[in-house]
Amino acid sequence: MPEKTIPILPCQTLPPVLEFYTALGFEVTYQQRSPNPYAVVEHGGIELQFFAMKHYEPTGSISTCYVLTDDVDGLYQAFRAGLKAAYGRIPTRGLPRVGPLKDMSYGVRQFLMTDPGGNCVRVGQRTGGERHHGPAPEETFARALHHASLLADSKGDAAGAAKVVDRVLRLTDETPTRVQLLQLLVLRADIAGRLGDERTTATALARAAALDLTEAEREQARDTFTRLEDLLAAFRP
């Protein structure tokens, strides 16, 4: 029998965590209430286990795991559909939340979701043989998007990511393509939401939504438009 690794993740209480994963399409296959609260959820070949700790603080959690799949786009769409049905929108900030689907520099296409217990589950599909970061792009705006995305998603440094985006958006001697501008504005709105900066969120979303892109540009920025849709639906000025 091949080996299998199963993450065992903490939470404060089981019910909101189980509700979240049920909304995603997981099945609760085991639940124990005493002597120690414990539960198992499964979706296809994904199995996650959880234990509850009364004095655990989800907002301070650093627990994480990686789910490797051969259909990250399919899972992303299925999870988004389940969350829309359960919550009426895609949660994009706070707990729980789901991040954008992105092609990363280290050869994976992935998205991050953080459950009510504060556990960050990365879901990705390999797109290349490399498992380390490739060189950062040389072009100004591509480089800014690269670094800001890493700061925001991999390092959890939203403030640092905001500084990178703001700096290139203020440039007067260089101009981003319309696709790059859309990507920068959507990322800036996403970051501002995490920082509780409602004014910047509203401004960036309005500018992004007003951009007039060709069909070819819209296809190139398909992932970004999906994130823009989620942010617009979730934002309440």
Side-chain angles (χ1 to χ4, degrees), residues 1-9 17-30 39-50 63-93 95-134 145-146 149-150 152-154 156 179 182-183 186-187 190 215-234:
M1 180 177 176
E3 291 78 8
K4 181 178 181 179
T5 298
I6 301 173
I8 302 177
L9 304 169
V17 172
L18 300 184
E19 289 171 7
F20 174 74
Y21 285 98
T22 299
L24 294 176
F26 283 74
E27 178 185 358
V28 180
T29 57
Y30 176 78
V40 179
V41 298
E42 297 184 56
H43 184 293
I46 307 171
E47 180 176 338
L48 302 173
Q49 301 188 8
F50 300 92
S63 61
T64 187
C65 68
Y66 203 98
V67 173
L68 194 61
T69 177
D70 60 3
D71 185 18
V72 71
D73 286 80
L75 279 181
Y76 190 63
Q77 294 306 322
F79 288 176
R80 289 178 72 253
L83 290 171
K84 276 188 176 180
Y87 297 105
R89 60 179 177 81
I90 307 300
T92 60
R93 64 177 89 172
L95 297 177
R97 65 180 179 271
V98 176
L101 183 60
K102 292 182 179 181
D103 293 304
M104 306 304 293
S105 62
Y106 41 90
V108 296
R109 179 167 170 77
Q110 71 173 22
F111 65 95
L112 279 60
M113 60 184 188
T114 305
D115 66 28
N119 304 295
C120 178
V121 180
R122 297 168 181 257
V123 184
Q125 179 176 357
R126 291 194 181 114
T127 57
E130 297 296 327
R131 295 196 187 185
H132 55 79
H133 285 285
L145 284 163
H146 171 84
S149 292
L150 289 177
D153 296 330
S154 295
V179 169
L182 175 74
Q183 292 170 329
V186 171
L187 178 56
D190 207 339
E215 285 301 316
E217 289 170 331
R218 292 180 71 89
E219 177 60 26
Q220 182 183 348
R222 181 177 53 184
D223 293 337
T224 306
F225 272 110
T226 298
R227 188 59 173 175
L228 175 59
E229 174 188 324
D230 293 344
L231 292 172
L232 286 169

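In what follows, every heavy atom counts, from backbone to side chain, and hydrogens, waters and symmetry copies are set aside. Quick note: residue numbers are just sequence positions, from 1.
The aromatic rings of Phe79 and Phe111 sit perpendicular to each other, their planes meeting at more than 60°, with 30° as the lower class boundary. The aromatic rings of Phe26 and Tyr21 lie perpendicular to each other, with more than 60° between the two planes, well past the 30° mark.
Side chain to side chain, Gln49 and Tyr30 fail the donor-acceptor criterion of an N or O pair below 3.5 Å.
Scored by the salt bridge (Lys or Arg N to Asp or Glu O under 4.0 Å) test, Glu19 finds no partners at all (sequence neighbours excluded). Remark: Asp190 pairs with Arg194, Arg227 by the salt bridge (Lys or Arg N to Asp or Glu O under 4.0 Å) rule, at least two apart or across chains.
Each of Leu145, Leu112, Leu187 was checked for a side-chain contact (heavy atoms from CB on, under 4.5 Å) with Lys102, and the lone residue meeting it is Leu187.
At a threshold of 4.5 Å between non-hydrogen side-chain atoms, the residues Pro91 and Leu83 count as touching. By the 4.5 Å heavy-atom criterion applied to side chains, Leu182 and Leu228 are counted as neighbours. Between Ile46 and Leu75, the closest side-chain pair of non-hydrogen atoms falls below 4.5 Å.
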Should Thr226 and Leu101 be marked as a side-chain contact (heavy atoms from CB on, under 4.5 Å) after you check the CA-CA gap, both sets of side-chain angles, and the distance that decides it? CA-CA 9 Å; Thr226 298; Leu101 183 60; over 6 Å; no
Please lay out, stage by stage, how Arg80 and Asp230 fare under the test side-chain contact (heavy atoms from CB on, under 4.5 Å). CA-CA 9 Å; Arg80 289 178 72 253; Asp230 293 344; 2.5 Å; yes
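Of the inter-residue distances, the one linking Asp115 atom CG with Leu9 atom CG reads 7.0 Å to the nearest 0.5 angstrom. Atom OG1 of Thr69 sits about 12.5 Å away from atom CD of Gln110, to the nearest 0.5 Å. Here the straight-line distance linking atom OG1 of Thr22 with atom NE2 of His43 works out to 11.0 Å at 0.5 Å rounding. The distance from the NE2 atom of His146 to the CE atom of Met104 is 8.0 Å, given to the nearest 0.5 Å. The CD atom of Glu47 lies 4.5 Å from the CD atom of Glu42; values are rounded to the nearest 0.5 Å. Interatomic distance, Cys65 SG to Ile6 CD1, rounded to the nearest 0.5 Å: 11.5 Å.
For the pair Gly124 and Tyr66, the tightest heavy-atom approach, listed with the atom from each and the gap, is CA-OH, 3.3 Å. A pairwise comparison of heavy atoms in Thr64 and Cys120 identifies OG1-O, 2.7 Å as the closest pair. Contact between Ile90 and Ala234 at its shortest, heavy atoms only, is O-CB, 3.9 Å. Minimum heavy-atom separation, Tyr76 to Gly99: OH-O, 3.0 Å. Heavy atoms only, all atoms of each residue included: Arg122 and Asp153 are closest at NH2-O, 3.6 Å. Scanning both residues, Val108 and Thr127, for their nearest heavy atoms gives N-OG1, 3.5 Å.
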